[in-house]
Amino acid sequence: MSEKLKAVRSNIAAAELSAGRKEGSVTLVAVSKTFDADDIRPVIDAGQRIFGENRVQEAQSKWPDLKRDHPDIELHLIGPLQSNKTADAVALFDVIETVDREKIARTIAEESRKQGRAPRLYVQVNTGSEPQKAGVAPDETLDFVNLCRNEYDLAVEGLMCIPPFDENPGPHFALLEKLARELGVERLSMGMSADYETAIAFGATSVRVGSAIFGVRGKKTG
Ligand SMILES: *Cc1c(COP(=O)(O)O)cnc(C)c1O
């Protein structure tokens with residue numbers, strides 16, 4: 001486990017170097033979905049502090065205890081958010097990467113006020129315009145980010161994308177980087193186990209890596 005984590009970290013460092021990026025400029029979000037607390041603890045013990053989960057309910061079943069033991073952990077929501085789960089998400093997550101519609105922006109703003117707790121926010125962009133996929137359309141991103149900023153007083157810190165499974169991800173990463181530049185948004189969450197080095201070459205500031213650290217999901221080897 002910690003060997004895999006070490007390998008991913010050294011690949012990230014090499015990708016930073018070859019892209020002419022500053023050392024340490026890319027944040028590793030370790031995606032622990034489907035793995036339980038016993039699988040996650042060794043990764044925490046190896047020094048990893050930033051984790052991603054894609055379901056609010058699943059995250060609630062393991063992270064409150066882990067966060068109590070390690071208060072410096074930063075938890076990212078990287079899966080779609082239903083508005084009836086917003087209160088729970090605002091209470092548990094430090095970063096919500098999947099803001100993608102007005103109702104979610106509004107409920108996050110309301111809950112943040114109520115709870116006195118404001119997670120940092122990314123807007124998810126559906127760079128491949130896939131009908132089944134969450135995220136705002138690329139040509140609506142500017143209006144949506146401005147709506148978040150002006151209507152709901154939400155600071156949008158980053159953009160996030162999941163390129164179509166069967167396409168070269170490069171053009172999708174390039175599109176996200178271009179949108180972020182136009183919007184003056186600092187953070188770019190893009191790249192997963194199969195393509196995080198490519199994403200770093202295109203300017204990712206964080207990569208979301210699951211199976212390369214935890215192993216293949218649903219095939220636990222212990
Ligand atoms: C599962 C998931 C990942 C990690 O995928 P791997 O291929 O296991 O690295 C990254 N981002 C999102 C949004 C995910 O749901």
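Just so you know, these numbers come straight off a predicted model, no measurement behind them. Atom set for the values below is all heavy atoms of this structure, side chains included, hydrogens, waters and symmetry mates excluded. Each ligand, and each atom within it, is numbered from 1 in the order the structure gives.
- Salt-bridge annotation for K67 and D94: present, with a side-chain N of the basic residue lying under 4.0 Å from a carboxylate O of the acidic one.
- In this structure, D65 does not pair ionically with K62, as no charged nitrogen and carboxylate oxygen lie closer than 4.0 Å.
- With R117 contributing its side chain and F93 its backbone, the two residues share a donor-acceptor pair below 3.5 Å.
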Taking a 3.5 Å cut-off between nitrogen or oxygen atoms, can you list every pair linking ligand 1 to the protein, with distances?
{"unit_1": "ligand 1", "atom_1": "8 (O)", "unit_2": "S211", "atom_2": "N", "d": "2.8"}
{"unit_1": "ligand 1", "atom_1": "8 (O)", "unit_2": "S211", "atom_2": "OG", "d": "2.9"}
{"unit_1": "ligand 1", "atom_1": "8 (O)", "unit_2": "R217", "atom_2": "NH1", "d": "2.8"}
{"unit_1": "ligand 1", "atom_1": "8 (O)", "unit_2": "R217", "atom_2": "NH2", "d": "3.1"}
{"unit_1": "ligand 1", "atom_1": "9 (O)", "unit_2": "S193", "atom_2": "N", "d": "2.9"}
{"unit_1": "ligand 1", "atom_1": "9 (O)", "unit_2": "S193", "atom_2": "OG", "d": "2.5"}
{"unit_1": "ligand 1", "atom_1": "9 (O)", "unit_2": "G210", "atom_2": "N", "d": "2.8"}
{"unit_1": "ligand 1", "atom_1": "11 (N)", "unit_2": "R208", "atom_2": "NE", "d": "2.8"}
{"unit_1": "ligand 1", "atom_1": "15 (O)", "unit_2": "K33", "atom_2": "NZ", "d": "2.7"}

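- For F51 and W63, the ring centers are positioned less than 6.0 Å apart.
- Ion pairing between D88 and K85 fails under the 4.0 Å rule for side-chain N and carboxylate O.
- Using a cut-off of 4.0 Å between Lys/Arg side-chain N and Asp/Glu carboxylate O, R120 and E157 are scored as salt-bridged.
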